[in-house]
Amino acid sequence: MTDRDEKPVSRFNALKADAAWQKVWDERRTFAADDSSPKPKTYVLEMFPYPSGRIHMGHVRNYTMGDVLARFRRMQGMEVLHPMGWDAFGMPAENAAMEKKVHPGGWTRENIATMKAQLKRLGFALDWTRELATCEPDYYGHEQALFLDLLDAGLVYRKESSVNWDPVDMTVLANEQVIDGKGWRSGAQIERRKLSQWFLRITQFADELLAGVKALEHWPDKVKLMQENWIGKSEGLQFRFALSPNDSGAGEVEVFTTRPDTIFGSSFVAIAADHPIAQALAAGSNQVADFIEQCKQGGTTAAELETQEKLGFDTGLRAVHPFDPAWELPVYIANFVLMDYGTGAVFGVPAHDQRDFEFARKYGLPIRRVVSDGDKTAPDFTDSEAYGGPGTLVNSHFLDGMDVADAKRAVIVRAEDGGWGKGTTVWRLRDWGVSRQRYWGTPIPIIHCEECGVVPAPRESLPIVLPEDVSFEIAGNPLDRHPTWKHVDCPKCGASARRETDTLDTFVDSSWYFIRFASQPADKPFDKAVAEQWLPVAQYIGGVEHAILHLLYARFWTRALNHMGMLDVAEPFAGLFTQGMVTHASYYRGEGTDLVWYNPEDLDFRDGGAFSKDDGQPVAVGRIEKMSKSKKNTVDPTGIVDQYGADAVRWFMLSDSPPERDLEWSESGIEGAWRFVQRLWRLFDGLAEAEGQDSALDKKLHRTIAGVAKDIEALTFNKSVAKLYELVGAIEKAPPSASRSNAIRTLARIAAPMVPHLAEEVWAKMGNAGLIADAPWPEVDPAMLVDDEVTIAVQVNGKLRDTLTVAKGTPRDALEAIALANAQVQRILSGALPKKVIVVPDRLVNIVA
Ligand code: ANZ
Ligand code: ZN
C-alpha cells in the first residue's frame, strides 16, 4: 500500500461533474458555430448515425475522435463547425412498422430522442442548434428542390431498367440484398423485371471524380484505391467481327478489349446471355433459351460471375478474324460475360486471360502464346494458368517484337485506319438508380400525366410531404395504395394525374447533409456564400464500410452543384479518416441450429471462465469480433457511462489501439481509464504553490504540449494518450516546485479535449473565470524543445564501460576530466596513467590504457 491510499482521498465525482458541465455548455451554447465569426473556420464531421434505437460503442469511438479534434481546434482559436443529425429514412423503420405495428415516423423519432440523450451524456462538443433529421419535411423538401435542379440541368433521367424483384416483399432489391438468387428477407426466388426508374447521371462526372481522387491528399490510400476501382476507367479498342454464315441475320458482333495486342492469340468470341444476338437465337431454339435460363440462375454480380464455373454454349456462328479472312472463331454464349459492361461481347485469349483460360480448357479450345515474358516464345502454351503480365509480342505477324503498349497502339491504328474499330474508354461506373419502391424515403417530386407525360412538381408545392396515415399490413409500397395521396391535378394541363410513388434512395439524403449543416435557411437548401465559408469539411470521420458508395455519391452531388453554379466547392471532404471497429469477446452455447449467443451482461466472470447468471453453468468463450446484436457481444455505452463517467469512457476509446485499428472492449481497459481519471484528479486536488525551477519537468511539459498537438492533428490519439500518461507520471514523481505546479495547471488544458468534464471542473477550481472549452491551447516555448543534453560513450581500449549525460558542446578537456574521474574508468586504470585519451565532442571519450 502506498501512503496515498492511506490518506482519505478525494474522488472525482464524474456523474455530478458530467451533468453540471453538460448543462453549462448547453445553456451557454458553447459549441454553436458562428457563421459570422472573424476567426478562421474549420469543419469537423463524423458520419451521422442511422437512428436504429440506441447508440453503440462504434458510435462512441467515432464521435469521441471527432470531438477531441473539434475541441482542440477551438482551443487553437478556430471557429469550429461540429454538427450532428440523423440519417433517418430507410428500411429498418419500415421493417419495425411491419413487425411491431408502429409507425416508421414514430419509431424513428423516438429512437432519435433516445440516441440524442445518449450522445449528450458523453459530453460531445456538438452544435445541436443545427441538428437535422433527413425524414423531416424541412430537410427532404429541400432535397426535392435539388432533385428538380438536377432535372433542369439534365442530370436526371428516366429509364427502363432491369431490377431484382422480390415477389413476396414486392420491392426492388439491391444486388447485395440478393443472396443465392433469393431475397435477403423473404427468401423468395428473385425475378428480373423491367421497371421505369429514375437515374442520376453520375457517369457524366466519371472523369472528374477519378481525377479528383488523386488530389485528395488527406484520404487513406486504400479508400482512394477503392474509389478508383469503382469508377474503373479502362482504355482499349472497340471493334466489330463480321459473322458467318452471313444469312444468320446477325451480321456482326462488336467487342470491347483492353488487350488489342493479343488479337492473334484469340480462339473464340463470347457474348452475354442477355446480348441481343443470344436473345434472337433463343427465339428460334429451345436449347439456347434453356442455356440462357441456366446462366441467370447463377447470380449477376461481377463477383459472382468471377467465381462461378465457366459455362458456354456454342452458337454455331463463326466470327471472322479482322486480320485474316480465312480465320474463323467460334461464337459462344458465356456466363462470365456481363451485358452491361463494354459491349456485352468479348474475344477470348486463353493464354493471357484467366477466365478465357478456364473456358478454353473446359471446351477444348486452342491456347496460343502471343506475349512472351522472355522465357518461352513457342505458340504452344503449357503453363497451369494464364499469363497477364508484360512482355514481347510473339506469333503475332506484324506485332512480333513489340512490347505490349506498342502493340496495343499498333492494333488500334490499324483498326481505325481500316474503319472496323475505334480506340475507346470504358467505365465501370454506372448511372445511379435512385428509385425505391418504399414508403419511408423522400418522395420523388414528379407527377405523371396521361397527356403530358412526366411533369416536375411545381416548386411552390414543395415539400411534398409523406402521408402519415399508412398501413403496413400488406407487402408493397403503401404510397401506391394510399386512397388519396397520389391523386393530383397535372400542373400543366389540369387533368387528373398521379404522383410518383417511388421514393429516393437514402444515399441521396446523405449526399448533401453536410452542406445543409453548414447553412440551413428556411427558404432554400443552403446559402451559397455561407456554405462556402465552412466547406469543404476539413476532417470527415467514419466507417470504412462507406468507403465507396456514400463517399462517391457525396462527391458526385457536390460536383453536380458546382457544375450548376450553386456551390463553388469541388470536393466535399478534404480530409477523411476511417476508424477501426470496437470488438468484444463473444459467448455461446451449442452449435449449428442450437447455437445460442449470450450477452456479457448476463454472465458472471470467475475462475477464468464465463458462467450464465441464470443457471450458473459455464458458457463457451468465442472469438473477439465486432460488437453486433446478432452475436450479442455488445456493451451498452450508457450503462458504462453511468458507471464510470463520460471522461473515462472517452479516454478508453482513445487509448488502447491506433484509431484505424480495432479496439477490443474490456472491463480492465475501462477500469484502467477510470483509475487514470482519478489519478489526474488527485494531482489537481493536491495542487499547491511552491518555489523553485525543475527544468527537466519544464521540458517534459513543453514536449508534451507540442507532441499532443501533433498527435491530435494526425489523429493518432493513442499516442497523445501515451504522452499524457508519461507527463502525469513525471509530475507525480517530481518534488514540489514552481515548475511542478505550473505543469499541473497546464495539464488541465492539454487533457481538456479528451477529458473535458474533469478539465472544466479543475479549471473552475483553479479560479479561472471562463470555460476551459474556450481557453487557448497552451503555448510551446520552442527553446524547451531543443535537445541541450547529449549522451556520451565512455570507452576503455575501445570497449564501452559507461555512458554519461552531459551538456551539449561540453569542451574536450572538460569531457576528458569527467571521463577520467568516472568510477568504472578508475577501477580499470587502477592508478595507472592512460597512454592516450581520444575525445569526440558530443559523442565519446576513448581511453587507451
Ligand atoms: C481480350 C483480352 C485478352 C482481354 C487478354 C483481357 C486479357 P477491364 O480491365 O475490367 O476493363 N471484357 C470486356 N467486356 C466484358 C464483359 N462485358 N464481360 C466480361 N468481360 C469483359 O477488363 C476488360 C477486359 O475484360 C477486356 O479485354 C475483355 O477481355 C473483358 F489477354 O479482351 B479482354
Ligand atoms: Zn397534363
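In what follows, every heavy atom counts, from backbone to side chain, and hydrogens, waters and symmetry copies are set aside. Ligands are counted one by one from 1 in listed order, and the atoms in each one are counted from 1 as well.
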N/O separation below 3.5 Å, Leu338 to ligand 1
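Checking ligand 1 against Leu338, an N or O pair does fall under 3.5 Å apart.
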
Answer with yes or no whether Gly342 contacts ligand 1, where contact means a heavy atom under 4.0 Å from a ligand atom.
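Contact check Gly342 vs ligand 1: negative.
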
Under a heavy-atom criterion of less than 4.0 Å, does Val426 contact ligand 1?
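Not so, Val426 does not reach ligand 1.
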
For ligand 1, which atoms sit closer than 4.0 Å to a heavy atom of [X]?
{"X": "Val337", "result": "16 (C), 17 (N), 18 (N), 19 (C)"}
{"X": "Phe347", "result": "1 (C), 32 (O)"}
{"X": "His352", "result": "5 (C), 7 (C), 31 (F)"}
{"X": "Phe256", "result": "13 (C), 26 (C), 28 (C)"}
{"X": "Ser234", "result": "8 (P), 9 (O), 11 (O)"}

Where the closest heavy atom to atom 15 (C) of ligand 1 is concerned, which of Val346, Thr258, Ile263, Thr257 has it?
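Nearest heavy atom to atom 15 (C) of ligand 1 lies in Val346.
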
Measure from atom 7 (C) of ligand 1 to every heavy atom in Arg259, His275, Arg428 and give the option owning the shortest one.
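Answer by nearest heavy atom: Arg259.
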
Can you confirm whether or not the ring centre of Phe205 sits under 6.0 Å from the ring centre of His563?
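Aromatic pair counts; centres sit under 6.0 Å.
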
Between Phe313 and Tyr363, does the ring centre distance come in under 6.0 Å?
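Judged by ring-centre distance (under 6.0 Å), Phe313 and Tyr363 do not meet the cut-off.
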
Ion pair check, [X] and [Y], cut-off under 4.0 Å:
{"X": "Arg369", "Y": "Asp375", "value": "no"}
{"X": "Glu208", "Y": "Arg555", "value": "no"}
{"X": "Asp149", "Y": "Lys524", "value": "no"}

As a quick check of understanding, evaluate side-chain contact (heavy atoms from CB on, under 4.5 Å) for Gln144 and Thr442, giving each step before the final call.
CA-CA 8 Å; Gln144 292 168 335; Thr442 300; 3.7 Å; yes

For the metal site, I want the angle between atom SG of Cys490 and atom SG of Cys449 with the Zn ion (ligand 2) at the apex, to 10°.
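SG of Cys490 and SG of Cys449 make an angle of 110° at the Zn ion (ligand 2), to the nearest 10°.
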
With the Zn ion (ligand 2) as the apex, the SG/SG angle for Cys493 and Cys452 - to 10°:
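Rounding to the nearest 10 degrees gives 110°.
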
In terms of the angle between their ring planes, are [X] and [Y] parallel, tilted or perpendicular, with boundaries placed at 30° and 60°?
{"X": "His448", "Y": "Trp198", "value": "tilted"}
{"X": "Tyr540", "Y": "Phe573", "value": "parallel"}
{"X": "His321", "Y": "Phe264", "value": "parallel"}
{"X": "His546", "Y": "His550", "value": "perpendicular"}

Heavy-atom contacts under 4.0 Å between Phe336 and ligand 1: side chain, backbone, both, or neither?
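The answer is the backbone of Phe336.
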
Does ligand 1 have a heavy atom under 4.0 Å from the side chain of Arg355, from its backbone, from both, or from neither?
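It is the side chain that touches ligand 1; the backbone stays farther off.
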
In terms of residue, atom name and distance, what is the protein heavy atom nearest to [atom]?
{"atom": "atom 6 (C) of ligand 1", "answer": "Asp353 OD2, 3.4 Å"}
{"atom": "atom 3 (C) of ligand 1", "answer": "Thr262 OG1, 3.3 Å"}
{"atom": "atom 10 (O) of ligand 1", "answer": "Tyr341 OH, 3.6 Å"}

Shortest non-hydrogen contact from Gln227 toward Val213
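Looks like CB-CG2, 4.0 Å.
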
